*Asks:* 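Dropping a structure here in structure tokens format, bear with me for questions.
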Number of protein chains: 2
Amino acid sequence: MNAIDITRIRRFHRTVTREAGVLDQSFLGRGRPLGAARVLNAIGRGMSDVAVIRDYLGLDSGLMSRLLRGLETEGLLATTPNPGDARRRIAALTPAGQAEFEAYEDLSNERAQQLLDHHPDTDALLAAMDLIASALGQQAIAFEEVDPRDPRAIWCLEQYFGELARRFETGFDVHLSKDPEAATMIAPRGAFFIALSDGLPVGCCGLKGHGHWGEVKRLWVAPSTRGMKLATRFMDRIETAACALGHDTLRLDTNSQLPEAVALYHRLGWTEIDRFNDDPYPDVFFEKRL
Amino acid sequence: MNAIDITRIRRFHRTVTREAGVLDQSFLGRGRPLGAARVLNAIGRGMSDVAVIRDYLGLDSGLMSRLLRGLETEGLLATTPNPGDARRRIAALTPAGQAEFEAYEDLSNERAQQLLDHHPDTDALLAAMDLIASALGQQAIAFEEVDPRDPRAIWCLEQYFGELARRFETGFDVHLSKDPEAATMIAPRGAFFIALSDGLPVGCCGLKGHGHWGEVKRLWVAPSTRGMKLATRFMDRIETAACALGHDTLRLDTNSQLPEAVALYHRLGWTEIDRFNDDPYPDVFFEKRL
DNA sequence: TCATTTAGCTGACAAAAGTCAGATAGCACA
DNA sequence: TGTGCTATCTGACTTTTGTCAGCTAAATGA
């Protein structure tokens with residue numbers, strides 16, 4: 001046990017706890033106790049089942065009930081029985097509740113923006129936050145099939161291209177590469193997946209159709225989530241999607257300057273094949289029969 | 001305002017808030033309300049003036065008084081009037097209080113250790129935490145003159161040598177460099193300073209005496225605190241210390257592979273001079289008359 | 001069908017946290 | 001020396017949070 005490392009974590013913990021306290025204080029400014037504000041926020045963030053909210057916030061069922069009743073008489077939410085199980089209730093925000101929720105959101109966002117504004121190197125700060133949130137949060141990573149023109153998909157692709165530019169000795173220019181039209185990575189010809197950790201995109205992968213075979217494109221995993229076998233899970237998804245689209249073979253190209261990618265494909269049972277396109281960047285080519 | 005960057009900060013904030021809540025829960029396990037535990041911890045961590053603690057924890061004076069009284073009847077602390085101003089009181093832990101404080105410390109340390117144990121890349125995690133704590137915490141950085149054999153000084157030096165090894169194309173071996181004996185950086189011949197941010201060492205700088213001139217050695221600033229003019233403040237300290245030791249000139253050596261260091265010395269009014277030692281690593285030499 | 005379990009609600013408390021108006025004693029400065 | 005200010009303490013609150021037993025209505029399963 002390294003004493004200074006423990007000091008470092010403890011210092012981090014203290015500053016961050018203080019920061020959380022400041023935000024709580026600002027929440028209090030809206031004239032509602034913190035408990036009620038938290039329930040409102042949980043619902044606003046998409047939780048609707050009362051039991052789920054209660055569990056998430058760690059509240060006693062009696063207390064929860066009273067908080068809900070309070071917000072209800074404020075006109076901020078309405079509860080209805082769950083159609084599948086009438087003992088359970090689902091809570092939904094009224095328009096007034098939605099407005100109030102957004103006011104809380106604005107407070108949080110403002111605070112976040114302040115942090116960004118006051119830091120000289122926001123990229124490093126954000127990367128550090130991602131790393132810590134991934135390390136601390138044991139939350140499951142969810143996959144979602146999206147249109148590659150979805151803003152979250154575009155953000156992933158920007159990160160991906162930025163990383164290629166940094167890692168390739170010769171740099172990387174998207175336009176010189178055979179940039180697949182976004183449309184080729186949409187059903188029924190292809191597919192595009194992103195991975196979300198608590199709402200934040202942390203990876204992407206595309207599948208482009210070429211008749212009976214499919215091509216894997218744009219596999220990227222955020223630095224903060226590497227080592228969590230996300231790439232493997234993406235490849236599983238892609239194989240499943242390719243089968244569903246009727247492909248019998250998958251191909252992909254990559255570069256020997258990305259040794260972890262090359263190692264991954266070998267590990268997952270891909271075989272190296274000859275060059276199958278004239279894209280200037282790749283120098284290693286793989287194939288896998290499904 | 002970048003929506004995804006805000007998402008990243010908010011996600012970080014949520015996970016970290018949950019983490020803080022977990023620790024609070026474990027504090028509750030010692031059968032004392034959180035408020036009292038916080039007061040005990042503040043005193044244990046070195047705060048003694050009641051007003052200072054109250055201000056730090058943001059407590060009402062009445063509430064603070066009652067919490068102190070509670071801990072006093074538990075036999076954990078004793079308060080005495082401040083000798084300089086008898087209206088103020090200072091609180092100090094009794095042996096029982098110290099033991100109880102340490103029990104809380106153990107809980108925190110255990111939690112920190114768990115985090116370290118469960119992460120594949122602890123260096124990156126800790127660096128990220130330092131960065132965030134420095135960005136968030138506006139706390140003043142305190143300087144302390146210490147013996148260079150103090151464990152905190154040694155830790156700084158390890159970081160410093162590690163960084164040189166990474167940055168010098170040829171690597172860096174302390175033993176090949178003219179390693180000043182620690183004893184030459186202690187009064188009355190020299191001095192050694194460290195900078196502390198909330199207890200964590202974030203920089204160091206040494207002064208070695210050579211008769212009428214002094215030599216600046218081992219200036220290092222933690223990556224997490226760069227851009228905060230810490231190096232400039234170190235050099236101020238060193239100049240003051242050198243004057244006090246009766247030196248009329250300061251010299252130092254550095255390397256052109258550390259351009260930010262070279263730029264710093266130019267900016268602070270140093271002049272480049274000829275080589276004044278036969279250390280294999282430096283290739284740039286500076287002098288400043290006091 | 002009927003006992004059992006489950007989700008949520010209610011009433012009755014209790015503990016914790018926060019607020020506020022004096023009271024007291026010491027300090028500071030004219 | 002007196003007046004005003006300060007730090008702390010005390011008593012008398014309120015609000016917020018947490019707990020618990022008992023209730024109802026719905027689901028579950030023999």
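In the text below, chain A, chain B and the rest are named by the order of the sequence lines, each starting its count at 1. These figures come from a predicted structure and were not determined experimentally. Values reported hereafter were calculated over all heavy atoms of this structure, with side chains retained and with hydrogens, waters and symmetry mates removed.
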*Asks:* What is the minimum heavy-atom distance between His13(B) and Ala20(A), and which atoms define it?
*Replies:* NE2-CA, 3.7 Å
*Asks:* Can you list, by residue number, the residues of residues 21-34 of chain B that have a non-hydrogen atom closer than 4.0 angstrom to DNA chain C?
*Replies:*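 Listed by number, they are Pro33(B), Leu34(B).
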*Asks:* Side chains of Glu102(B) and Gln98(B) only: does a donor on one sit below 3.5 Å from an acceptor on the other?
*Replies:* yes
*Asks:* Please determine, by modelled atom types, if Arg54(B) and Ser65(B) share a side-chain donor-acceptor pair under 3.5 angstrom.
*Replies:* no
*Asks:* Determine the minimum heavy-atom distance between Leu116(B) and Thr122(B), stating which atoms define it.
*Replies:*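 Smallest interatomic distance, heavy atoms only, reads O-CG2, 3.2 Å.
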*Asks:* Any idea which heavy atoms bring Ala195(B) and Ile141(B) closest together, and the distance?
*Replies:* CB-CG2, 3.7 Å
*Asks:* Can a donor-acceptor pair be found, under 3.5 Å and without considering hydrogens, that links the side chain of Thr94(B) to the backbone of Gly97(B)?
*Replies:*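 Yes; judged by distance alone, with no hydrogens or angles, the pair exists.
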*Asks:* For the pair Glu145(A) and Arg237(A), find out whether any cationic side-chain nitrogen is under 4.0 Å from an anionic carboxylate oxygen.
*Replies:*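 Salt bridge absent between Glu145(A) and Arg237(A).
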*Asks:* Would you give the length of the straight line joining atom OH of Tyr104(B) to atom CG of Leu23(B), rounded to the nearest 0.5 angstrom?
*Replies:* 11.0 Å
*Asks:* Of the candidate nucleotides dG18(C), dT6(D), dT8(D), which contains the atom at the shortest distance from the side chain of Arg87(B)?
*Replies:* dT6(D)
*Asks:* Can you name the closest pair of heavy atoms from Ile194(B) and Ala153(B) and give their distance?
*Replies:* CG2-CA, 4.1 Å
*Asks:* Roughly what angle, to 10°, lies between the helix axis at the start of the helix from dT1(C)-dA30(D) to dA30(C)-dT1(D) and the one at its end, five pairs per end?
*Replies:*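 Axis angle across the helix from dT1(C)-dA30(D) to dA30(C)-dT1(D), nearest 10°: 20°.
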*Asks:* Of all the nucleotides listed (dG18(C), dT8(D), dG8(C)), which has the minimum atom distance to the side chain of Leu59(B)?
*Replies:* dG18(C)
*Asks:* Specify the separation, in whole Å, of atom CG of Asp55(A) and atom C1' of dG8(C).
*Replies:* 15 Å
*Asks:* Of the listed nucleotides (dA26(D), dG8(C), dG26(C)), which one gets closest to any side-chain atom of Ala86(B)?
*Replies:* dG26(C)
*Asks:* Please list, in numerical order, the residues of residues 60-69 of chain A that have a heavy atom closer than 4.0 Å to any atom of DNA chain D.
*Replies:*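 Close to the strand are Asp60(A), Leu63(A), Arg66(A).
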*Asks:* Rounded off to whole Å, could you give me the CG-to-P distance for the Asp85(B) and dC29(C) pair?
*Replies:*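 Rounded to whole Å, this separation is 12 Å.
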*Asks:* Please report, rounded to the nearest Å, how far the P atom of dT6(C) is from the CZ atom of Arg88(A).
*Replies:* 12 Å
*Asks:* Report the distance from atom CD1 of Ile90(A) to atom C1' of dG8(C), rounded to the nearest whole Å.
*Replies:* 14 Å
*Asks:* What is the minimum heavy-atom distance between Cys156(A) and Gly203(A), and which atoms define it?
*Replies:*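 Between these two residues, the closest heavy atoms are SG-O, 3.7 Å.
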*Asks:* What does Arg54(B) touch in the nucleic acid at a heavy-atom separation under 4.0 angstrom: a base, only the sugar-phosphate, or nothing?
*Replies:*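 Result for Arg54(B) = sugar-phosphate.
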*Asks:* Check this for me: does any side-chain nitrogen of one of Arg233(B) and Asp236(B) sit under 4.0 Å from a carboxylate oxygen of the other?
*Replies:*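 Not counted as a salt bridge, because no side-chain N and carboxylate O are separated by less than 4.0 Å.
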